[in-house]
2 protein chains.
Amino acid sequence: MSLLIPGPVTITKNVQEGLNANSLSHTGPQFTTIFQSALQNLKRVYNATQAEGNLPLIIAGSGTLGFDVAGTNFVNPGDNVLLVSTGFFSDEFGECLETYHGANLTVLKPDTVGGVVPLDEIATELRAANGKYRAIVVTHVDTSTAVLNDVGAIAAVTHRESPNTFVIVDAVCSLGCEELQFDKWQLDFVLSASQKAVGAPPGLALGMVSPRALDFALQKRPTGSFYASLKKWAPILQSYAGGQAKYFATQATQLVSSLDTALQELLQRESVTHHKELSEWFRSQITQQLHYKLVTTTSDGGAHIAHGLTALYVDDPAKAIQEINKTAGAIIAGGILPEIKDKYIRVGHMGASATRDTLQLVIEALAASQ
Amino acid sequence: MSLLIPGPVTITKNVQEGLNANSLSHTGPQFTTIFQSALQNLKRVYNATQAEGNLPLIIAGSGTLGFDVAGTNFVNPGDNVLLVSTGFFSDEFGECLETYHGANLTVLKPDTVGGVVPLDEIATELRAANGKYRAIVVTHVDTSTAVLNDVGAIAAVTHRESPNTFVIVDAVCSLGCEELQFDKWQLDFVLSASQKAVGAPPGLALGMVSPRALDFALQKRPTGSFYASLKKWAPILQSYAGGQAKYFATQATQLVSSLDTALQELLQRESVTHHKELSEWFRSQITQQLHYKLVTTTSDGGAHIAHGLTALYVDDPAKAIQEINKTAGAIIAGGILPEIKDKYIRVGHMGASATRDTLQLVIEALAASQ
């Protein structure tokens, strides 16, 4: 059975071997070496090795924990935050910041489900706000709509119009399958997770923090979450990055070992190009040959369509999921965006889960179910 | 090499097999069955199956995440909390509640490092407070001092003197190796973790919540941590417990599968009795034969000495750790309590890591290093 949901993905044999590492002391030399390697490889995957002082995060937890890392460390209660919302996960991030961390949220939404907020609308809002925003928050790929935001362009506009505003990005569904340039785009905090295009098992929250965001976090009055606090984690992660174990909370030793292997594999292949080619082929088959309609709008020639999953409308999602399961031997996902939840399906094509052969079977099942 | 630190422990072959489960969809039927089983088995391990409406928690994260579960769900900013402190982990819990969640903390400490707070002192404080405490917080076993608190007695005193006060317990280092009666002692929130006497890999925060504490959390104004919020988790966990998948944050599928096996193994043996016998034998050897002094005070005949680890003073901790590593082939831990950090060592004897044979080698190494 192929796992073609938008994460978790099937892990490779080598990544599985990482899970089989002997039980290790979380402060012993063997684990320290593994953790140091994983932190360094994570920087490479984020393209965050050029600037000095970027802090990589690997913390036991799901990707959602990254929302609290943002709220606890980079936002004071009452701070203004601009949320560019492109689906369910953007809204979840907003709820975390507003309801749990006291942010004063302004939300920009696209006109249409599956669309993006025009760049000039973001620029206009930032200019009018005259520097009032502590942070702008963007979901790189919203897993609910398969919308890909142009994070590089949004960051550039933010730096131009409001240079002191932190650029915070949810890259759970993009790290490893979309271009992401932490240094070049001058991002401040980019959260992700282990179980999608990164190709490791679920259970690790990942992240990258810029030096200016870290400075802010270390000087900030503590609020929110102890477990998500960089006052606690920064000395630990910096110590492991330098080859010395240090304790705050117990590391998920087996998962970290597995993650390190996954990151190494990711760095050895042209992962972003591979995902682009595979997803464009899959998309052309289902839209041009089979005439399915995508959830993600295509008015811009497809520039905002994600490459790690495809969201498409079908008449009967439950039936389509069952049919694909039965005839293609693949597990795909249903809808999650409340407005259209029961009208569409999501096919993940990330990491080792996704090959032309497995996706071809899905295409045939979709053809048969028409 | 034996792993004799106070967690993580060596996992058994069967628990390792749980990690080798195929990559599963976190909302698919196979994982749902595994998660349902793990939640039910967790209730049995907590002795929380009699009362209706107890909520078991299994959340990706380290045990420390449980501190935020307490702060986010059971304490409002400004609420009075009574902390019974018996070491480093009690103080960490206090820092979380006070600094990050705005609790107004009162701390009771023992006179001596390694001692406990007398029960009548706790009773007097609760009586004088006349119901002002939202919660009393106790560390069942503080891993820094190997002090075991009599949680049953403290809970009984609390219910008598201040019946509306929540009894919140850190059982990270006690679940599976000390008697813990969630229902009988009428506890409200007991946090734990996967990697100690429970015998699973690190990376899962565990917990049990009473119906009255859950009611409070569901009606409380959200503060603190989105990821630790029971408003988010309760519907998810209740759904899985009933055999239906539901999404909030991605479950750590491989770890949960491994945890379920570990819980089953734990339930099949007399784990609490085994840990008691093994630790009492080890302690008698090192104190009576070798005349080492324990960190934990013994003035009460040993009633407050933990059974999952032993903390003992040595002249040269670094040398002792190295010697035990070299001649006994065992990894043990150094001190962690700031006051005496460089004066003692900690030997873990939990789960599959600990047998008479491996501990005998440690005893011999300790004898040789005198």
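By convention in this document, chain letters (A, B, ...) are assigned in the order of the sequence lines, proteins followed by strands, and residues within each chain are numbered from 1.
In terms of modelled atom types and a separation under 3.5 Å, the side chain of B:Ser225 and the main chain of A:Gly224 share no donor-acceptor contact.
Atom OG1 of B:Thr72 is separated from atom CG of A:Asp68 by 7.5 Å, given to the nearest 0.5 angstrom. Within the model, atoms CD of A:Glu17 and CG of B:Asn20 stand 8.0 Å from one another, a figure rounded to the nearest 0.5 Å. Considering OG of B:Ser25 and CD1 of A:Ile5, their distance stands at 3.5 Å, rounded to 0.5 Å. Separation of atoms CD (B:Gln254) and CG (A:Leu19) is listed at 6.0 Å; rounding is to 0.5 Å. Taking OG of B:Ser23 as the reference point, atom CG of A:Leu3 lies at 6.5 Å (rounded to 0.5 Å).
Proximity to chain A is absent for every atom of B:Phe93, based on heavy atoms less than 4.5 angstrom apart. Contact of A:Phe89 with chain B is made through the side chain alone, with heavy-atom distances under 4.5 Å. Looking at B:Gln251, the atoms closer than 4.5 Å to chain A (heavy atoms on both sides) all sit in the backbone: N, CA, C or O. B:Ile11 touches chain A through backbone and side chain together, each having a heavy atom under 4.5 Å away. Residue contact with chain A, scored on non-hydrogen atoms closer than 4.5 Å, involves the backbone of B:Val9 exclusively.
Of all the listed residues (B:Pro77, B:Pro201, B:Gly203), the one sharing the greatest number of non-hydrogen pairs under 4.5 Å with chain A is B:Pro201. When each of A:His101, A:His26, A:Met1 is scored by its heavy-atom pairs under 4.5 Å with chain B, the top score falls to A:His26. Considering only heavy-atom pairs separated by less than 4.5 Å from chain B, the leading option among A:Leu65, A:Thr99, A:Thr223 is A:Leu65.
Using a cutoff of 4.0 Å between basic side-chain nitrogens and carboxylate oxygens, B:Lys232 and A:Glu95 are scored as salt-bridged.
Nearest heavy-atom pair across A:Pro202 and B:Thr253 is CG-OG1, 3.4 Å. The two residues B:Pro8 and A:Leu24 have their closest heavy-atom pair at CG-O, 4.0 Å. Closest non-hydrogen pair, A:Tyr227 versus B:Ser62, comes out as OH-N, 3.0 Å.
With a 6.0 Å radius and a threshold of 12 heavy atoms from other residues, nucleotides or ligands, A:Glu98 has its CD atom above the threshold.
Taking the six-membered ring for Trp and thresholds of 30 and 60 degrees, B:Tyr247 and A:Phe88 have ring planes inclined between 30 and 60 degrees apart. B:Phe67 and A:Phe226 have tilted rings, their planes meeting at an angle from 30° to 60° on a 0 to 90° scale.
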